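Please read the structure below before turning to the comments.
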Amino acid sequence: MTLSLLGSTGSIGRQALAVCEALRTSGPDRGREGTHFLPFEPGIAVLAAGRNTPLLEEQARRFLPELVCVADAEAGRALKSSLADTPVKVLCGAESILEAAVFPGADTVLNALSGISGLRPTLAALDSGKRLLLANKESLVCGGGLVTNAAKRGIIPVDSEHSAIFQCLQGGRREEVSRVILTASGGPFRDFSKEQLRSVTPEMALKHPTWRMGPKVTVDSATLLNKGLEIIEAIHLFSLRPEQTDVVLHPESIIHSMVEYTDGAVIAQLAPPDMRLPIQYALTYPARLPGPAAKLGFTARSTLTFEEPDRGRFPCLALAERAARRGGNMGAALCGAGEAAVTAFLRGECGFTEIAERVERALDDAPYIENPSVEDVLQTVNLYRW
Ligand code: MG
C-alpha cells in the first residue's frame, strides 16, 4: 500500500504515521512464512498539511515521501528551500492539496484534514479511483450523496464510532440492521447546568476527558455537535434512514458504537479510547494485525455506564438531528455554521451557548436545496463565513 496522507501534522495524521512506523517494525512474526500475518509495508508517498512547517519538515525527512504539499503558500516556499538537500518535491498553495489527493504514486488516501476543507480532496481522491480512508467527517456531512455516489469502492471510516459500526456490521446482513447506536462521552460539561454552560471558556472547552483531538472537534465534542455530525456521517456511510440512528452517552468511551439487529441482538465494539486502533484497522482492513494500541483490561475497569443525552442543555445534537431528517444541503449549512461559530468562540467573539444559537439561525435561514451540486454545497457553507 502506498499512502497519501492529507493532514499529516494534525492529531490523526501524527497518529497515522506512528501506526505506519509501528506496523513496519512491530510483530516479530509479521510476514514470516507459516504465520497468518500478511506482510504489510505501508509506504508514505505524499504528506500534505496546512502549515506547521517545522513538524512537516521533520516528517518529510523521516519518511522521505515523493511529494509534500503545503496549503499555505508562504510556508510551502520556506519548506521547499529547507528540503532542498532531499529528493522530496514540494508543492504549495491551496490547490496543492488536490494534487496530493490524486497523486498517481499513491493507491490509498487517508483524509485527516480538519473541517470543510476536506470535501474537495475527498471528491478528487474518489474520482481518481483511490481507496479512501476517511477521518474528515465534514466531507460526508456536507457532501452527502455527492461523496457516496463518487465512492465506487466504498469508503473505509477512520472516525472511531464509524469504525466501530463498520466492524459491528460484519455481524449480520445490511437488511437485518434495525438501528445503529452511536456512543458519546458527553464531553467535559456533561453535568453542567444551563447556567454553568453559559460561562464556559475556550480554555475549558479544549480539555476533553477521554480523547486527545484537534481544537475544532474538541469543542464540537463539548457541544455534542460532533455527535450530531457523526449521525449524518453514519447515515451516508452506511445508507441508513435518520430514524435508524440513535445516540447514547457513555462517559467511559470503551464501547465505540453498536449495531442493533432486527432480532434485538446488539453487537458492540469495545477497546480503550485510542485512535491508533481505528486508524490501523482502516489501513490494514480487512486484515487485523498486531499494533501499538493498548489492550482492554476488564478487571481494571468493570463498570460501563449509559445515559440519555440532554438535548435541552446540548441543543446542537437536536439541531443536527433536524438537519439529518431534512437532508439536502442542510448538512452543509450545519457544518458551515458550526465551523464559523466555533472559530468565533475560540477567538473569544461569542459565548459557548451562542454556538448552538448561531447554528439554529443558520438552519432556519439557509435556502433549502434538495439535491445540491458541489457548487451548491460550497455556496451553502460560505453563507456563514462571517
Ligand atoms: Mg468520533
Side-chain angles (χ1 to χ4, degrees), residues 6-7 10-16 19 110-116 118 122 132-142 147 155-169 180-190 205-238 240 245-259 268-283 285 293 306 309 314 316-317 320-321 323-324 331 334-335 338-339 342:
L6 313 184
S11 171
I12 299 285
R14 294 195 306 267
Q15 294 182 78
V19 167
L110 168 47
N111 184 349
L113 294 167
S114 165
I116 297 157
T122 281
L132 179 67
L133 320 182
L134 189 62
N136 175 262
K137 64 192 71 171
E138 288 83 356
S139 292
L140 273 168
V141 179
C142 293
V147 172
I155 295 169
I156 302 177
V158 174
D159 205 348
S160 63
E161 294 79 0
H162 303 78
S163 175
I165 295 165
F166 186 62
Q167 294 174 59
C168 297
L169 284 172
V180 305
I181 303 143
L182 290 110
T183 53
S185 71
F189 315 125
R190 189 167 41 96
L206 289 174
K207 282 195 194 115
H208 193 275
T210 49
W211 293 100
R212 282 179 303 113
M213 306 172 290
K216 165 71 165 69
V217 59
T218 304
V219 175
D220 283 351
S221 295
T223 59
L224 292 196
L225 177 61
N226 182 55
K227 210 48 53 181
L229 298 177
E230 289 181 349
I231 291 175
I232 303 176
E233 184 185 6
I235 288 170
H236 293 303
L237 262 179
F238 306 116
L240 300 164
T245 60
D246 219 337
V247 173
V248 64
L249 292 191
H250 169 49
E252 296 84 11
S253 299
I254 296 295
I255 294 181
H256 298 298
S257 278
M258 308 175 248
V259 172
Q269 188 258 354
L270 289 75
D274 184 336
M275 277 312 293
R276 289 174 303 178
L277 199 151
I279 291 167
Q280 173 167 316
Y281 187 65
L283 286 167
Y285 173 80
F306 306 93
F314 298 97
C316 281
L317 180 59
E321 287 168 332
L334 182 76
C335 273
E339 205 162 293
V342 169

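In each ligand, atom 1 is the first atom listed, and ligand 1 is the first ligand listed. Note that the coordinates shown come from a computational prediction; the quantities given were computed from them, not determined experimentally. Computed from heavy atoms alone, side chains included, the values below leave out hydrogens, waters and symmetry copies.
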Counting only N and O atoms by type, is there a donor-acceptor contact under 3.5 Å from the side chain of [X] to the main-chain atoms of [Y]?
{"X": "Ser221", "Y": "Asn226", "value": "no"}
{"X": "Ser253", "Y": "Ser185", "value": "no"}
{"X": "Asp159", "Y": "His162", "value": "no"}

Sequence neighbours left out, what passes ring-ring contact (aromatic ring centres under 6.0 Å, His included) with [X]? Give chain and number order.
{"X": "Phe314", "value": "none"}
{"X": "Phe306", "value": "His250"}
{"X": "Phe189", "value": "Phe192, Phe352"}

Anything protein N/O/S under 2.8 Å from the Mg ion (ligand 1)? Just list residue and atom, please.
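Correct list: Asp159 OD1, Glu161 OE1, Glu230 OE2.
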